[in-house]
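Comments concern the structure below.
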Amino acid sequence: MSRLEQTRAALGAAGVDALWISHPANVRYISGFSSGSDGKALVTAGEAVLYTDARYTVQAAAESALPQFIARPPGTYEDAASRVKGLRVGFEAEHLTVAGLEALRRHWDAELVPTRGVMEGLRLIKSAEEVALIREAQAIADRVFAEVRPMIRAGVRELDVALELEMGLRRAGAEVGFDVIVAGGPRGAMPHGVASERVLEDGELVTVDFGARWRGYHSDMTRTVAVGTPSEEMRRVYRAVLEAEQAAVAAVRPGMKSGDLDAVARGILEEHGLGEAFAHSLGHGVGLDIHEGPGLRMGTDTPLEPGMVITVEPGAYLPGVGGVRIEDLVLVTDMGYEVLSLTPKESV
Ligand SMILES: CSCC[C@H](N)C(=O)N1CCC[C@H]1C(=O)O
């Protein structure tokens, strides 16, 4: 089934006749238009249209699989009004702004129905083409990390490490997938410790978490590396996180509940007295968004399925002391899993 056919089937399941798509990744998914943040899409039983403005006339014509209507609001809403008259139209409750909803209400003679996760549900399982793009994004990130690894040493600012990673990604033709995390010493206790002006010191662990975006698709990987010889306490934490990460990766298989995978890593960290220090969920899906389904959280029962691309990223964060996170990007396969992130994990 094409993406459009799948979307129409999902509309039926969501109890709506049409869907107004406003989340940029969803607009891109259904249309192929790469400036999804300046576009919207409407899917009804008989029509599907990409709405964007005249800055994108040429680009949209080149990229979009859907016919385009070029206008700015209110022209956009006025055109769509004729297509949705009298219909039950779903909107993306998690993405449409209040102002956006008010505009739809003003312009449309239609029943507006909040929906959640309609397009995201379709995006959970990646096609072979999507997997190839994610694989390439990760291969770029692996190459760039290998180039930059030698400069992660005492006396270098976190920001300069991040800058080198960013330049490496850009040179390779990729985009920077998200703000690069480089968190050394006590800053390692911040799971989202984006690179700062702090200078790395001897005896520290440094958490580096970054990703490429390649033709819209993300990679995501974390390595924690040592600068000199860290304390025995932090080396113990590193080994515990590595054990948890490797066990969770080895447990990936289709049919496993996402919450049970989280439990594998969490159980090991608890045995090491680090349960409280593991302050977030085990991982998430990766694709057109850096964070997408399935969420690998305690208590979630979404079964893993072949074609899902997930992160496995346990961490332990000790305020005032430091932190460790180790993350791989993993494809769920028919037989189990394939690790897409090939950067070696160092012994500490
Ligand atoms: C802002 S993107 C962060 C990417 C990172 N790999 C990541 O997903 N996480 C780091 C801490 C936990 C996890 C998260 O849930 O944000």
Side-chain angles (χ1 to χ4, degrees), residues 23-25 94 120 123-124 134 137-138 140-142 144-145 148 158-159 161-162 165-166 169 174-184 186-196 205-214 216-225 237-238 240-242 244-245 248-249 252 258-259 261-266 269 274-300 302 308-319 322-331 339-343 345:
H23 181 52
E94 292 158 311
E120 286 81 354
R123 288 170 43 209
L124 280 174
I134 296 170
Q138 183 58 54
I140 292 169
D142 283 327
V144 171
F145 188 84
V148 174
E158 293 171 352
L159 267 177
V161 175
L165 292 169
E166 289 170 9
L169 295 176
E175 297 166 87
V176 179
F178 53 89
D179 286 347
V180 175
I181 294 170
V182 181
R187 292 193 74 254
M190 295 191 286
H192 279 191
V194 293
S196 77
L205 287 178
V206 185
T207 302
V208 181
D209 183 346
F210 80 114
R213 185 165 52 234
W214 177 250
Y217 284 82
H218 292 81
S219 71
D220 195 2
M221 174 181 76
T222 308
R223 291 291 181 265
T224 299
V225 300
V237 173
Y238 182 90
V241 172
L242 183 58
E245 202 266 348
V249 169
V252 172
S258 49
L261 195 60
D262 178 290
V264 171
R266 206 165 292 280
L269 288 171
L274 293 169
E276 292 287 305
F278 181 15
H280 52 72
S281 57
L282 180 66
H284 53 87
V286 174
L288 285 169
D289 282 315
I290 179 62
H291 285 155
E292 55 182 57
L296 308 181
R297 276 185 301 277
M298 253 188 300
T300 49
T302 315
M308 288 179 167
V309 177
I310 57 173
T311 68
V312 173
E313 49 179 316
Y317 309 96
L318 307 177
V324 174
R325 179 167 64 258
I326 301 171
E327 171 184 24
D328 278 313
L329 188 63
V330 178
L331 170 67
V339 177
L340 302 180
S341 43
L342 301 180
T343 295
K345 287 156 207 145

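Order of listing sets the numbers, starting from 1, for every ligand and every atom in it. Residue numbers run from 1 in the order of the sequence given.
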#### Entry: Identity and distance of the protein heavy atom lying nearest atom 8 (O) of ligand 1
His291 NE2, 2.7 Å
### Message
Is there a polar contact, in the sense of an N or O pair closer than 3.5 Å, between Asp209 and ligand 1?
### Response
yes
### Query
Quick one: do the Glu158 and Ser196 side chains pair a donor with an acceptor below 3.5 Å?
yes
### Asp328 bridged to Arg223 by N-O distance under 4.0 Å
yes
### Task
From atom 16 (O) of ligand 1, work out which of His280, Met221, His192 has a heavy atom at the shortest distance.
His192
### Step-by-step side-chain contact (heavy atoms from CB on, under 4.5 Å) determination, His23 to Asp289
CA-CA 10 Å; His23 181 52; Asp289 282 315; 2.8 Å; yes
#### Entry: Close N or O approach (Ser281, ligand 1; < 3.5 Å)
no
### Task
Can you measure from CG (Leu282) to CD (Glu313) and round to the nearest 0.5 angstrom?
7.5 Å
#### Entry: For Arg325, the ligand 1 atoms whose distance to one of its heavy atoms is below 4.0 Å
10 (C), 11 (C)
### Message
To check your reading of the model: name the closest protein heavy atom to atom 7 (C) of ligand 1, its residue, and the distance in Å.
### Response
Glu313 OE1, 3.3 Å
#### Entry: From CD (Glu327) to CG (Asp209), nearest 0.5 Å
5.0 Å
## Note on the structure
For Asp220, the ligand 1 atoms with a heavy-atom partner under 4.0 Å come out as 4 (C), 5 (C), 6 (N), 8 (O)
### Message
Is the ring pair Tyr317/His280 parallel, tilted or perpendicular, if the boundaries are 30 and 60 degrees?
### Response
tilted
### Task
Could you list which atoms of ligand 1 come closer than 4.0 Å to a heavy atom of His284?
7 (C), 8 (O)
### Summary
One finds that the ligand 1 atoms under 4.0 Å from a non-hydrogen atom of Phe178 are 2 (S), 4 (C)
#### Entry: Whether over 12 other heavy atoms sit under 6.0 Å from Glu94 CD
yes
### Query
Is the closest N or O pair between Glu327 and ligand 1 shorter than 3.5 Å?
yes
